[in-house]
Structures are given as structure tokens and as C-alpha cells.
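Proteins come first, then strands; the chains are lettered A, B, ... in the order of their sequence lines, and each starts at number 1.
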Number of protein chains: 2
Amino acid sequence: MDVRTLCLGLLTRSEASGYEIKKAFQSGLSHFYDASFGSIYPALSRLTEEGLVTCKEEPQDKRPDKKVYRITPAGRLAFIDALGRPPGHDRIRSDFLATILFADLLSPRQIAGLIDGRLTETRSLLAELREQAKEETRAAGDRFVIAYGIAVLEAEVTFLEERRHVIEGAALLGRAPGSAAAD
Amino acid sequence: MDVRTLCLGLLTRSEASGYEIKKAFQSGLSHFYDASFGSIYPALSRLTEEGLVTCKEEPQDKRPDKKVYRITPAGRLAFIDALGRPPGHDRIRSDFLATILFADLLSPRQIAGLIDGRLTETRSLLAELREQAKEETRAAGDRFVIAYGIAVLEAEVTFLEERRHVIEGAALLGRAPGSAAAD
DNA sequence: GAAACCATGTAAGTTGTTACATGATTGG
DNA sequence: CCAATCATGTAACAACTTACATGGTTTC
């Protein structure tokens, strides 16, 4: 699902400006999606051209006019249609996992640092999601997705805590007996 | 980490052709990374230009020459240097979660279908990873990353099994009470 | 007085996918 | 006989990100 469709989806909930949509991305989707202004603003222009949203300009003192977008009936239909299509596979790119993959090229200290950093980051994301889970104004979908994120992140933390010694130990062995291979 | 760096990483393990690198992506990284020929072949050309790998052409009957790439000492240093840099954040794009986010716009049947599909897919990926976990020739990093994937996917399956009723029920509320049976 | 927030937008650059181009061989 | 595997590569396209451009206001 591209940024354009996601913007349309957020506009099914309430009218909003590009700036507000960016904030919505950050507080609620940030753990599995993100978007920059450079993709949001063009997306909103395009949706307007296509008649899926309308734009109302609110003049403001000494600031660019605030452009408030509102979804049209056609836009709502288009979005529901998009939701109906079978979703594509998740795409995950994790520098962390890619690095761990080659743990045998790193020192035990480097691996420990890497995992410490990951745990800190994951715990802080977890804390953020738990805060979000408390907000009762959220749509049912939001709450489910937040709970999903919490479940996954908890599993990650548990895994790292319980198994980190395995990979930290493996590094100690370096190029262990039998690894005379490719050189 | 881009495809170019990842190719370099795979070549720290053994020499390989572009075709073989594609296979390596599929059997071992596919749950958190993927790459097409369209990115692998140019990446290998570029690595060769930069002197990080060398290329040996093996002529084959009635097929394009097989080009076997081997990492150079400079390449190995460059890769270890890349591993040392702090990893960026994970990037996840999940059409499934994006769709669930707007569950209130879908019928209970659609949501159930969506979750059934997700469970099937996740279980099949899980089975694949469990097969991979059995392979004893894997590097320590591979095994750790595979186990990591298994832990996360198990948490996802458990979450969906235990909590799906929450979101399936929420969809019921989005429609006129009593009209659920007619859907 | 610095940082963060509000507010929009464009242009250049990155990174990657899909489709095209070519074609033999092997297994079900 | 059809699909998959082997084998490489290019060109067009897609979708985003980053940096640039502009500038007042509020909060620490």
C-alpha cells in the first residue's frame, strides 16, 4: 500500500492537513510504516486532481495557507476497494539482522553493543506503544495494530535476552575448527 | 544496508555467481530481506569496478558465461567496516497491518478472510524457517537470525489466534446491530 | 537564544522492482 | 509438453527520501 492510499485512509477518519497527516503517521503507524513530507504533499495533490479528496484553503497570518483535505464519496469508495484487494507480502529490511547474520566477523564486544542498542531501542518503542494503547479515542483497528506491535516486540526482547549468549559466544570462537573455507 | 553491501557480505563466505547469490537471498534472508536480479547484477558489476571483488568468467556451452565473484582483501575490509557502523532502524511495510488498521470499513467476513490468509502464510513461512533451522552447515549468524524469525512469527500466530475475535467483533459493531447474520 | 513546532512545497538523488531480451536443459 | 532451473544483463518505471527554499511562533 503506497503513501497515497494510506493518506486517503487517514482521511476516512477526519479531515486533515498534510502536516497533521504526517503526525498521524508518527503516532500510530510509525512502527510499521512511515512517510515524509516529500511523499505526503505530492500524494495529496494527486488525490485532489483525481477527485478523491477536496481541499479547503484556510488563510493564516504570516504562514502558508493551511490546506485542509476532506475525502469525497468517490474517495471513500476507492479506498474501500483498495482494502478489498489481497494484501502483498510484508517487506522488512533490518540492518540489525543483516549485521547479526555476519556476527562471526565481529568481536564479542561489538555484538554485545549491537544487542544492547537493539534492546534499548526496542524497549523504548515498546514503552511508546504501551502509551498509545492507553488512548481510548483510538479506532478499533488502531488498538489491534498497536497490540500486535506490542506482542511482536515483547517476543523480540524475550528472544534477545534469553538467546544473546548464543551469538555472543559464537563470536568468541571466531573462525572455529573446520572453517578453513573460502579465502 | 543495501543490496550491494549484502552481496559483499555473502561473498565473505564463499565465491558465487549472481545467480547463486539470488538463491542465497531466498534461502536464509527471505523473511527479512529480498533482492531481484535487477539489483544484484548491477551491484556485482559495481563491486568489481571498485576492486572489492574479482570476477572469473567460466565459459559454458550454449549458456551465458558463468561469472564467479570472489571477494578481495579490500572488499573484506570494506564489509567489516560497514558492519561496524550503527545499524539504521528497521523498515517495515505491511499491507496486512495497514488494512487491519481500517478494519471498521470491512465486513466481518472480509476480516476473517484476511486473518485466515495471514495465518496460513505465516505458518508456512514458519515451517520453512524450521526446516532451515535444521541445516547444520549454517553459519552461527544464520542460525541466530532464523531462530529470531521463528520467535517473532510464533508470537504473531499466537497473537492472531488469541485476539482475532477482538477485531472481528469490532467490525460487527461498525454495521447495523442485527444485520450481521445477513452478511 | 536555541530548539521545536507550525506550514507548504519542489528538485535531485537513491534504491529498488518489473518487464524485456535470449536461450539450452532437465524433470515431472 | 510444460514448468522450473540455469545464466546474464538492460531499460523503464516506481516510490520514496533528503535537502533545499521560506519564515513566523512558542516553549524551555
Any side-chain N or O of B:S39 less than 4.0 Å from the OP1 or OP2 oxygen of C:dG16?
no
Student check: side-chain heavy atoms of [X] and [Y] closer than 4.5 Å:
X: B:L11; Y: B:R70; result: no
X: B:L106; Y: B:T99; result: yes
X: A:R130; Y: A:K134; result: no

Nucleotide range of DNA chain D contacted by chain A, 5' to 3', under 4.0 Å to a heavy atom?
D:dC16 to D:dT25
Would you kindly give the [atom1]-to-[atom2] distance between [X] and [N], to the nearest whole Å?
X: A:I40; N: C:dT8; atom1: CD1; atom2: C1'; value: 12 Å
X: A:E58; N: C:dC6; atom1: CD; atom2: P; value: 15 Å
X: B:R46; N: C:dG16; atom1: CZ; atom2: P; value: 10 Å
X: A:K56; N: C:dA7; atom1: NZ; atom2: P; value: 14 Å
X: A:R91; N: C:dT15; atom1: CZ; atom2: P; value: 16 Å
X: A:D95; N: C:dT15; atom1: CG; atom2: C1'; value: 13 Å

Need one value for B:S17: base, sugar-phosphate or nothing, where a base atom within 4.0 Å counts as base even if backbone is also close, heavy atoms only.
sugar-phosphate
Just to be sure I understand the rule, does B:K23 reach a base, reach only the sugar-phosphate, or reach nothing, if contact means heavy atoms closer than 4.0 Å?
sugar-phosphate
Quick check on salt bridge (Lys or Arg N to Asp or Glu O under 4.0 Å): which of A:E128, A:E161, A:E154 does A:R123 satisfy it with?
A:E161
Which nucleotide wins on minimum distance to the side chain of A:Y41, given the candidates C:dT15, C:dC6, C:dT8?
C:dT8
Return the 5'-most residue of the pair B:K66, B:R93 with respect to DNA chain D, ranking by each residue's nearest nucleotide.
B:K66
Between B:D65 and A:G38, whichever has its closest DNA chain D nucleotide further toward 5' is B:D65
Parallel, tilted or perpendicular, as decided by the 30° and 60° cut-offs, for the rings of B:Y19 and B:F37
parallel
Once you round to the nearest 0.5 Å, how far does OG1 of A:T122 lie from CG of B:D90?
8.0 Å
So for atom CZ, which belongs to A:R163, do other residues, nucleotides or ligands contribute more than 12 heavy atoms lying within a distance under 6.0 Å?
no
